[in-house]
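Atoms within each ligand, like the ligands themselves, are counted from 1 in listed order. Keep in mind that the numbers below use all heavy atoms, side chains included, and drop hydrogens, waters and symmetry copies.
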Amino acid sequence: MWRDLSPLGRHADSGGYRRYAWTGADAECRAWFEDQAAARGLACEVDRNGNQWAWLGDPAASDAVVTGSHLDSVPDGGAFDGPLGVVSSFAALDELRRRGARFAKPLAIVNFGDEEGARFGLACVGSRLTAGRLTAEQARRLTDGDGVTLPQAMEAAGFDPDAIGPDPERLARIGAFVELHVEQGRALDLTGDAVGVASAIWPHGRWRFDFRGEANHAGTTRLADRRDPMLSYAETVLAARREARLAGAVATFGKIAVEPNGVNAIPSLVRGWLDSRAADQQTLDTVVSSVEKAARDAAAEHGVDLDVVRESFTPVVEFDHALRDELARILGRDARLTAPVLGTGAGHDAGILSESVPTAMLFVRNPTGVSHSPAEFAAEDDCAAGVLALADVLEGLACP
Ligand code: HGY
Ligand code: MN
Ligand code: MN
């Protein structure tokens with residue numbers, strides 16, 4: 001499965017993936033998913049929001065056990081973030097069939113669309129729409145860096161944007177959703193475990209800072225006469241690091257857009273995106289408001305205007321305690337695994353669904369902790385341990 005999937009959407013220069021929602025690379029990954037489902041005799045359907053569901057058993061029956069993840073990536077993302085969960089789901093089904101497992105409940109493997117939000121700026125669009133945590137109207141307003149709206153992108157990819165919206169009937173039929181994901185951190189490397197169970201996801205969000213100054217000539221404009229937004233932006237980036245360090249949180253300015261973006265032109269506009277996350281809501285609020293205050297002070301100092309817009313937000317996720325404990329019990333059963341329970345700062349579709357469906361996550365060791373990078377890696381033995389753990393969990397949940 002990896003051999004078929006790994007070339008799709010991979011960029012030759014960086015070795016990273018550029019699998020953005022509703023692009024050609026996305027379509028190739030969707031076709032791969034359909035092939036894997038068909039090869040296993042699974043009925044593959046696409047829901048109104050473009051998420052793919054491969055079913056074993058009757059989708060209309062209740063109490064389905066669902067597993068899966070996403071196939072899209074961040075710009076130049078790694079091979080495992082998302083795909084490991086989808087590949088492991090198909091491999092876990094193969095393992096259960098090898099064991100002769102008999103399913104008492106429907107099983108589905110899902111590929112949630114646009115989890116990373118790399119193109120339209122909002123994370124987990126597919127699962128948010130289905131869970132009713134993003135309205136169709138809000139989604140239709142999403143626009144990519146080239147001014148293409150989400151409806152236009154969906155239509156160009158052959159999907160009906162008028163169909164998008166909440167799908168409570170679908171979610172009501174799900175008894176449990178378990179997402180396997182490569183760990184995006186080094187906790188398992190430090191504990192020496194191949195597999196872990198998620199406890200919670202930190203609250204996190206994305207804020208856009210628009211610094212508007214005055215375009216002018218880089219060579220002839222006296223420093224005292226400038227209204228340079230780049231300086232306000234730079235001071236804000238440094239403030240974000242300072243405030244995060246003081247609060248024991250994280251804050252990142254990883255994306256910037258400059259107009260007119262000329263070497264010899266003082267910018268008229270500098271647009272920067274802040275990603276910030278913290279163990280609790282109050283800390284996150286403190287960090288973001290401190291960064292915004294620093295940004296306003298810097299803007300005032302340089303005669304620059306500032307707008308701050310919250311573009312994406314996910315409150316803290318406490319995974320279902322009963323399901324979390326059931327996973328830990330199943331994995332600890334034959335002592336093959338001592339699967340520690342650990343929190344994460346990374347967002348996931350499982351987090352979005354957790355308000356509507358009992359959800360849980362399994363993490364597979366990432367020896368370097370590196371993610372959202374072409375260098376992301378997980379050892380084959382650990383990936384195999386993840387498949388066996390997922391198979392044990394699915395068997396425990398669907399084949400009692
Ligand atoms: O940003 C995240 O935490 C996730 O990878 N979408
Ligand atoms: Mn990711
Ligand atoms: Mn992911």
Side-chain angles (χ1 to χ4, degrees), residues 5 9 16-21 25-26 29 33 51 67-89 110-129 131 133-134 142 177-185 187 196 198 200-208 244 249-255 273-279 284 310-317 319 342-354 359-364 366 368-378 383 386 390:
L5 183 60
Y17 288 88
R18 299 182 181 178
R19 295 168 174 165
Y20 310 146
D26 185 52
C29 291
F33 184 91
N51 305 307
T67 186
S69 189
H70 63 94
L71 293 173
D72 70 306
S73 73
V74 296
D76 284 348
F80 297 85
D81 175 355
L84 182 63
V86 179
V87 170
S88 300
S89 297
V110 64
N111 165 33
F112 280 113
D114 199 3
E115 189 275 347
E116 294 291 3
R119 181 175 178 187
F120 295 100
L122 178 66
C124 300
V125 171
S127 55
R128 282 182 202 266
L129 279 168
R133 296 179 65 176
L134 174 73
L142 293 172
F177 174 61
V178 179
E179 178 173 3
L180 180 144
H181 203 284
V182 65
E183 188 195 348
Q184 294 163 304
I201 296 177
W202 281 14
H204 59 284
R206 304 180 186 189
W207 290 261
R208 197 187 74 238
V250 289
T252 313
F253 276 93
K255 177 178 175 179
W273 281 264
L274 168 69
D275 176 312
S276 190
R277 316 191 187 199
L284 179 59
R310 190 179 81 173
E311 290 195 339
S312 173
F313 178 71
T314 307
V316 63
V317 168
F319 286 111
L342 50 128
T344 179
H348 299 284
D349 292 309
I352 298 300
L353 291 189
S354 65
T359 60
M361 290 192 74
L362 290 176
F363 291 129
V364 171
N366 173 338
T368 65
V370 169
S371 184
H372 287 187
S373 156
E376 185 183 69
F377 172 76
C383 294
L390 183 59

query = Which residue owns the protein heavy atom closest to atom 1 (O) of ligand 1, what's the atom, and how far is it?
reply = R277 NH2, 2.8 Å

message = I'd like the atom name of the N/O/S atom in E116 lying closest to the Mn ion (ligand 2).
response = OE2

task = Return yes when at least one N/O/S atom of H348 is nearer than 2.8 Å to the Mn ion (ligand 3), and no when none is.
result = no

ask   = Does D114 use its side chain to pair, donor to acceptor, with the backbone of A21 at less than 3.5 Å?
value = no

Criterion salt bridge (Lys or Arg N to Asp or Glu O under 4.0 Å) on E311 and R206, from CA distance to verdict = CA-CA 6 Å; E311 290 195 339; R206 304 180 186 189; over 6 Å; no

key: Residue E116 vicinity, atoms of ligand 1 by number, heavy atom under 4.0 Å   = 4 (C), 5 (O), 6 (N)

remark   = Within the 4.0 Å heavy-atom cut-off, what H372 brings close to ligand 1 is side chain

inquiry  = Regarding ligand 1, does R206 bring an N or O atom to under 3.5 Å of one of the ligand's N or O atoms?
reply    = no

query = So, does R277 use its side chain to make a donor-acceptor pair with the main chain of P203 at under 3.5 Å?
reply = no

request  = Examine H204 against ligand 1 and note whether any of their N/O atoms are separated by less than 3.5 Å.
outcome  = no

request  = State, with a plain yes or no, whether a side-chain heavy atom of P374 is found less than 4.5 Å away from one of Y17.
outcome  = no

inquiry  = I need the S127 OG to H348 NE2 distance, nearest 0.5 Å.
reply    = 11.5 Å

message = Within the 4.5 Å heavy-atom criterion, are F319 and T359 side-chain neighbours or not?
response = yes

request  = Take D81 and H181 through the test side-chain hydrogen bond (donor to acceptor under 3.5 Å, both in side chains) and record every step on the way to the result.
outcome  = CA-CA 7 Å; D81 175 355; H181 203 284; 2.9 Å; yes

task = Output the atom name for the N/O/S atom of D81 with the smallest distance to the Mn ion (ligand 2).
result = OD2

query = Nearest to atom 4 (C) of ligand 1, what protein heavy atom do you find, and at what distance?
reply = G347 O, 3.3 Å

note = The atoms of ligand 1 lying under 4.0 Å from a heavy atom of A346, numbered in the order shown, are 3 (O)

